[in-house]
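Labels below follow one simple rule: chain letters A, B, ... track the order of the sequence lines, proteins then strands, and each chain is numbered from 1. Note that the structure is predicted; figures quoted are calculated from it, not measured.
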Protein chains: 2
Amino acid sequence: MEIGYPCNMDRIDAAILKSLAADARAPVSAVAAQVGLSQSACTRRIQALEASGHVQGYGARLGHRRLGFRITALVDITLGTQVEEDLARFEAAVAQIDGVVECALVSGGQDYRLKILARDLDDYERLHREHLGRLPGVVTINSSFVLRAVPTRSEAEALFGGGR
Amino acid sequence: MEIGYPCNMDRIDAAILKSLAADARAPVSAVAAQVGLSQSACTRRIQALEASGHVQGYGARLGHRRLGFRITALVDITLGTQVEEDLARFEAAVAQIDGVVECALVSGGQDYRLKILARDLDDYERLHREHLGRLPGVVTINSSFVLRAVPTRSEAEALFGGGR
DNA sequence: TTTCCTTGGGAACGCCGATGCGCATGGGAA
DNA sequence: TTCCCATGCGCATCGGCGTTCCCAAGGAAA
């Protein structure tokens with residue numbers, strides 16, 4: 001085990017994770033070539049990474065715009081209570097709303113931050129009126145709209161460093 | 001072409017996207033069985049979805065916690081300028097920072113919202129001091145930390161509806 | 001009706017992925 | 001040092017998967 005990598009990981013595992021994060025449907029042989037391993041060794045390491053929870057699954061990156069969803073809203077919601085039961089009730093209600101793709105309880109006041117996808121402003125207005133406005137315990141709702149998504153480092157690069 | 005779905009898509013395409021979003025490494029045969037198609041027809045539709053940009057790629061879902069990243073920060077940054085060149089300079093600098101996995105210019109004041117991953121609070125403090133604090137044109141930085149990620153509908157469910 | 005176009009199903013071939021085996025390397029104990 | 005065991009890689013194999021043909025069925029337009 002080398003230092004600088006968490007949990008029994010070395011630079012080869014990191015490279016495998018980067019590769020899979022970049023293209024999860026790439027053949028194992030391609031990943032193996034990229035990281036300098038044989039197919040079999042690479043397969044075994046991938047299986048180990050899946051079993052250990054370092055890889056929790058694989059997903060498709062969908063083109064929201066192309067699918068007709070042009071609005072991404074970042075919504076701050078403040079609750080008038082900090083009782084755990086009220087939070088749970090709020091969270092259960094949030095989980096039912098189509099369009100909410102992320103929701104997090106954050107520090108600094110008892111509030112939540114959501115990310116919401118909608119087709120257009122009308123669609124978002126409907127969502128706001130029919131669902132957000134009816135969430136239990138809400139005091140304030142503050143919506144911001146994404147004007148431009150800035151390209152950043154990928155998740156894997158963030159986790160393992162861009163270089164190295 | 002049926003109505004209610006964008007851009008030459010029907011319910012089978014939606015089901016394929018849902019399936020791929022849930023498990024991108026699932027064999028095509030499994031996807032085909034799930035949506036009621038033969039392998040060949042399913043392969044063709046997947047290729048078409050990729051070519052049309054509805055699917056932009058495939059990625060791995062990484063276990064941040066397991067990888068040693070226990071801090072997720074949501075950071076609001078306000079700039080003292082709205083000149084496009086300054087924004088571009090800011091964005092270029094942001095793109096260089098390891099740990100920043102999302103960045104968006106949002107409406108309501110000239111500010112950005114970032115999502116940042118860090119190993120722990122010390123690591124975040126270092127990031128804040130060495131990188132965030134040195135970003136050009138910044139007036140205010142406001143950090144919130146994710147206390148709890150609330151499980152929500154998946155992206156595909158948000159886009160195509162939970163039921164149906 | 002005829003023709004064209006779209007789309008699905010079937011089969012073949014090539015490739016991919018999982019597993020077992022042998023071997024090399026490295027650390028620990030006598 | 002020498003032996004031993006554990007770890008991890010590479011090779012070979014085989015079952016299965018994916019891609020790509022070809023053909024058939026259904027709908028639209030002339």
Side-chain angles (χ1 to χ4, degrees), chain A residues 1-63 66-68 156 159-160 164, chain B residues 1-63 66-68 156 159-160 164:
Chain A
M1 173 180 175
E2 312 177 21
I3 58 175
Y5 293 96
C7 307
N8 297 322
M9 284 195 44
D10 58 17
R11 78 196 63 181
I12 296 181
D13 286 317
I16 290 175
L17 290 181
K18 271 194 198 181
S19 177
L20 287 177
D23 182 9
R25 286 206 79 118
V28 175
S29 54
V31 178
Q34 200 170 337
V35 305
L37 239 58
S38 67
Q39 280 189 28
S40 56
C42 193
T43 296
R44 278 188 290 259
R45 288 181 94 120
I46 291 175
Q47 290 171 339
L49 289 169
E50 291 171 352
S52 63
H54 292 105
V55 173
Q56 301 191 328
Y58 304 95
R61 283 189 288 270
L62 304 179
R66 195 60 69 105
L67 287 164
L159 295 173
F160 303 115
R164 271 194 286 185
Chain B
M1 173 180 175
E2 312 177 23
I3 59 175
Y5 292 96
C7 307
N8 297 323
M9 284 195 43
D10 58 16
R11 79 196 63 182
I12 296 180
D13 286 317
I16 290 175
L17 290 181
K18 270 194 197 180
S19 177
L20 287 177
D23 182 8
R25 286 208 79 126
V28 175
S29 53
V31 178
Q34 201 170 337
V35 305
L37 238 58
S38 68
Q39 277 191 31
S40 56
C42 193
T43 296
R44 272 193 302 260
R45 290 182 92 120
I46 291 175
Q47 290 171 340
L49 289 169
E50 291 170 353
S52 62
H54 292 105
V55 173
Q56 301 191 328
Y58 304 94
R61 284 189 287 270
L62 304 179
R66 195 59 69 104
L67 287 165
L159 295 174
F160 303 115
R164 269 191 288 183

5' to 3', nucleotides 13-23 of chain D under a 4.0 Å protein heavy-atom cut-off (B base, S sugar-phosphate only, - none) gives ----SBBBB--
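Screening residues 26-48 of chain A for salt bridge (charged side-chain N to carboxylate O under 4.0 Å, His left out) gives Asp10(A)-Arg45(A), Asp13(A)-Arg45(A) as the qualifying pairs, with residues at least two apart or on separate chains. The salt bridge (charged side-chain N to carboxylate O under 4.0 Å, His left out) analysis of residues 29-39 of chain B, with sequence neighbours excluded, yields no pairs. Every pair passing side chain to side chain donor-acceptor pair (under 3.5 Å) that includes a residue from residues 21-34 of chain B is listed here, sequence neighbours excluded: Ser19(B)-Gln34(B).
In summary, contact between chain A and DNA chain C, defined as any nucleotide atom under 4.0 Å from a heavy atom of the protein, begins and ends at dG17(C) to dG20(C) in the 5' to 3' direction.
Every residue meeting the side chain to side chain contact (heavy atoms under 4.5 Å, CB included) condition with Ser52(B), not counting sequence neighbours, appears here in chain and number order: His54(B). Under the rule for a side-chain hydrogen bond (donor to acceptor under 3.5 Å, both in side chains), the partners of Ser40(A) that lie at least two apart in sequence or sit in another chain are Ser38(A). Every residue meeting the side-chain hydrogen bond (donor to acceptor under 3.5 Å, both in side chains) condition with Glu50(A), not counting sequence neighbours, appears here in chain and number order: Tyr58(A). Residues satisfying the side chain to side chain contact (heavy atoms under 4.5 Å, CB included) test with Ala33(B), not counting sequence neighbours, are none.
Expressed to the nearest 0.5 Å, how far CG of Leu37(A) lies from CD1 of Ile16(A) amounts to 6.0 Å. Atom CG of Leu49(B) sits about 5.0 Å away from atom CG of Leu17(B), to the nearest 0.5 Å.
Comparing the axis of the opening five pairs of the helix from dT1(C)-dA30(D) to dA30(C)-dT1(D) with that of the closing five pairs yields an angle of 30°, rounded to 10°.
Looking only at side-chain heavy atoms (C-beta outward), Met9(A) and Leu67(B) come within less than 4.5 Å of each other.
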